[in-house]
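Atoms within a ligand are numbered from 1 in the order they appear, just like the ligands themselves.
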Amino acid sequence: MEGFWVKGGECIRGSICVDSAKNAVLPILAAAILTQDAVHIEHCPGLMDVYAMESMLKMLGCACRWQGDELTIESSRLHNWEMPDAISKQIRSSIFLLGPILGRLRKATVTYPGGCEIGIRPIDLHLKGLRALGVRITDGEGILYCDGGAMHAGDVYLDYPSVGATENVMMAAALLKGTTYIHNAAREPEIEDLQRFINAMGGKIRGAGTQLIEIEGVPTLHGITYRPMPDRIVAGTLLCAAAITGGEVTLKHVCPRDLIPVEAKLTEMGCRMYDEENSVHLIAPKTLKSFSTLQTQPHPGFPTDMQAQMMAVSCLARGCGVIVENVFESRFAHVSDLNRMGARIRVNGRVAVIEGVRKLHGCRVCARDLRGGAALVLAGLAAEGETVIENARLIDRGYAALEKTLTELGGRIQRMTLKTDGGIT
Ligand code: UD1
C-alpha cells in the first residue's frame with residue numbers, strides 16, 4: 001500500500017500554478033463523446049479519476065492518446081453502449097457517461113453505482129431528469145437499461161440542485177431537437193465550464209451558473225482544443241496548507257471568484273488574503289482564531305469538498321468552531337484520525353464541534369476518502385513529529401502528486417510503500 005510520510009513543522013511558502021479541475025475535466029471527458037471529431041484537452045491533470053475515465057472511454061470504443069499533459073479523445077468508433085459492470089460499481093463518475101452515450105447512441109446500459117466512501121450517493125435525480133427527456137429506464141437486478149429511442153427536449157425539474165444530474169441532463173440534451181430547460185439546476189463553476197466546452201464545440205447552452213439552464217439542441221458538434229478551468233478545491237487545499245503552517249503562498253492560474261467562500265472563512269480565521277485577476281495570495285497569522293460556524297451548501301455556499309481541510313485548520317485555531325455538513329450524510333470519516341493526532345472534535349450527526357488545541361502530534365493515520373485524506377496531510381504538516389498517512393491512492397484521485405507540490409512549497413513529505421503490518425519499506 002502506498003502512503004505519505006510527513007514531517008511537521010515547516011511553513012508552506014512560495015508560489016505555484018494550480019492544475020485544471022478534476023470536477024470540470026471528468027464531465028468534459030464524458031461530453032467529448034458527443035462529437036465524432038477529435039477533442040484535445042490541454043493541461044489535463046494526471047489524476048487517478050481521470051485515468052479511470054480514460055479507461056471507460058476506451059472500453060466504449062474511443063481512441064485516447066496522451067501527448068505530454070494533453071489528452072486527445074476521438075470517438076468516431078464509439079459503438080458500445082454498455083458500461084462494464086465492475087467499472088460502474090467501482091467508479092462513481094461512470095454515471096456521467098449515461099447522458100452523452102444516450103445523446104450519441106440513444107441507448108445505454110449501466111450497473112447501479114455502488115456506495116462510496118462519503119455516503120450512499122443515489123442517482124435518482126439523474127434518472128428522473130433523463131426520464132423527463134423521454135428516456136425509458138428499466139431496472140433489471142441492479143442493471144439499468146436505458147432506451148432513448150423516443151428522446152425529446154423538455155422541462156426538467158431537479159428536486160435538489162445535484163451537480164452530476166445537472167451535467168448529465170445538459171449532455172443528454174445537447175443534441176436533442178428543441179429546447180430543454182433545467183429548473184433548480186446546480187450552479188457550481190464546473191457546470192459553467194461544461195457549458196463553455198459544449199458551446200465551443202458548437203452547442204447552444206445558456207444559463208449555467210444560474211438556477212435555470214436552457215439547452216437548445218443542435219444536430220452535430222465539432223472537435224476543439226480546450227483548457228478546463230483551474231481546480232478551486234486544490235487551490236483551497238493549498239491555501240489551507242499555508243494557513244495551518246503559519247506560511248504564505250501565492251497561487252497562480254486560479255479564479256479568485258470561485259474561492260470566495262473559502263477565502264471568507266480563512267479571513268475570519270485571521271489570514272490576510274489578496275486577490276488579483278488570476279492569482280491569490282495568503283499570509284497566515286501567528287495564531288489562527290476559529291470561525292464560528294461553517295455550513296456546507298450547494299454553490300455559492302461553502303463547498304463540501306473543502307469541509308475536511310477547513311476542519312484540519314480549525315483544529316489548531318484558538319476558540320471553538322462548528323461545522324455543519326449539509327450536502328453528504330457521512331462525510332466526517334477524517335474526525336477519528338484527527339482526534340488520534342490530538343485534535344478535540346465531537347460529532348453528532350451532521351454537526352462537528354471543534355475545540356482548538358495548541359498542538360497536534362504525528363502518528364499513523366489512514367485516508368478514508370479523497371478530501372478527508374488531504375485534511376490528514378494538512379494536519380501532518382503542522383503536527384509535531386512524523387505522520388504516516390495510509391492509502392495515498394485515495395488522495396491521488398484528486399491531487400496530482402500532492403507530495404511534489406507541497407515539497408516545492410517547502411513541506412517535508414514523501415511517498416512511500418507501507419507494509420500492512422504497520423512498517424515502512
Ligand atoms: C459532485 C462533485 C463532488 C462534490 C459534489 C457536491 C464531481 C465529479 N463531483 O458530486 O466532488 O462533493 O458534487 O458539490 O463533480 N443526490 C441524490 N440523488 C441524486 C444525485 C445526488 O440524492 O441522483 C444527493 C447526493 O447523495 C448528495 C447531494 O445530492 O447528498 C449532492 O450530490 P451531487 O451534487 O449530485 O454531487 P455529485 O455530482 O455526485
Side-chain angles (χ1 to χ4, degrees), residues 20-31 45 47-50 52-53 56 88 91-99 110 112-132 135 137 139 144 156-172 182 184-194 197 208 211 228-229 231-234 236-237 258 261-262 295-310 324-334 349-350 369-375 394-395 397-399:
S20 297
K22 164 179 95 71
N23 288 355
V25 169
L26 293 177
I28 282 174
L29 292 178
L47 301 169
M48 295 307 276
D49 274 14
V50 169
M53 181 58 94
M56 281 187 286
S88 326
I91 301 161
R92 165 93 193 163
S93 34
S94 57
I95 195 66
F96 287 125
L97 284 163
L98 197 49
V110 63
Y112 221 93
C116 73
E117 311 90 24
I118 59 173
I120 308 163
R121 296 186 96 167
I123 55 164
D124 55 316
L125 299 169
H126 297 248
L127 303 183
K128 215 170 152 185
L130 294 172
R131 282 195 174 106
V135 181
I137 304 173
D139 183 350
L144 298 168
V156 174
Y157 170 73
L158 296 177
D159 297 299
Y160 180 89
S162 152
V163 176
T166 303
E167 293 169 336
N168 236 336
V169 172
M170 279 167 79
M171 294 188 276
I182 310 177
N184 199 27
R187 290 179 283 166
E188 270 64 5
E190 291 76 13
I191 293 169
E192 290 182 61
D193 208 39
L194 180 62
F197 174 71
Q211 285 163 315
M229 63 177 277
D231 198 314
R232 61 193 169 107
I233 307 303
V234 169
T237 305
D258 296 341
V262 173
Q295 296 228 26
T296 67
Q297 276 162 355
H299 193 78
F302 191 91
T304 172
D305 286 352
M306 279 302 301
Q307 176 259 110
Q309 302 89 314
M310 285 301 296
V324 187
E325 174 54 64
N326 290 308
V327 179
F328 288 106
E329 75 280 8
S330 63
R331 208 170 191 181
F332 285 140
H334 42 282
R350 287 175 179 265
D369 63 63
L370 161 59
R371 306 302 172 186
L394 266 181
I395 300 172
R397 281 188 43 215
Y399 299 87

Between [atom1] of [X] and [atom2] of [Y], what distance do you get to the nearest 0.5 Å?
| X | Y | atom1 | atom2 | value |
| --- | --- | --- | --- | --- |
| F197 | M229 | CZ | CE | 15.0 Å |
| T166 | L194 | OG1 | CG | 10.0 Å |
| I95 | L26 | CD1 | CG | 13.5 Å |
| I182 | L158 | CD1 | CG | 6.5 Å |
| E188 | D258 | CD | CG | 10.5 Å |
| N168 | L125 | CG | CG | 11.0 Å |

Show me which atoms of ligand 1 lie under 4.0 Å from any heavy atom of [X].
| X | result |
| --- | --- |
| V327 | 27 (C), 28 (C), 30 (O), 31 (C) |
| G164 | 35 (O), 38 (O) |
| Y160 | 28 (C), 29 (O), 31 (C) |
| V163 | 1 (C), 13 (O), 33 (P), 34 (O), 35 (O), 38 (O) |
| R331 | 12 (O) |
| T304 | 6 (C), 12 (O), 14 (O) |

So is there a nitrogen or oxygen of [X] less than 3.5 Å from a nitrogen or oxygen in ligand 1?
| X | result |
| --- | --- |
| A165 | no |
| F96 | no |
| S162 | yes |
| E167 | no |
| D124 | yes |
| K22 | no |

| Should D305 and R331 count as an ion pair when the cut-off is N to O under 4.0 Å? | yes
| request: Please confirm whether E190 comes under 4.0 Å of ligand 1, counting heavy atoms of the residue only. | output: no
| Can P122 be said to touch ligand 1, with heavy atoms closer than 4.0 Å? | yes
| query | Is the backbone N or O of Q297 less than 3.5 Å from a side-chain atom of N326, with the two atoms forming a donor-acceptor pair by type? | reply | no
| task | Using modelled atom types only, decide if a donor and an acceptor are shared between the side chain of R397 and the backbone of M48 within a distance under 3.5 Å. | result | no
| Considering only heavy atoms, does L127 approach ligand 1 within less than 4.0 Å through its side chain, its backbone, both, or neither? | neither
| task | Check each heavy atom of L125 against ligand 1 and say whether those closer than 4.0 Å belong to the side chain, the backbone, both or neither. | result | both
| message | Side chains of L127 and L144, heavy atoms from C-beta outward: is any pair under 4.5 Å? | response | yes
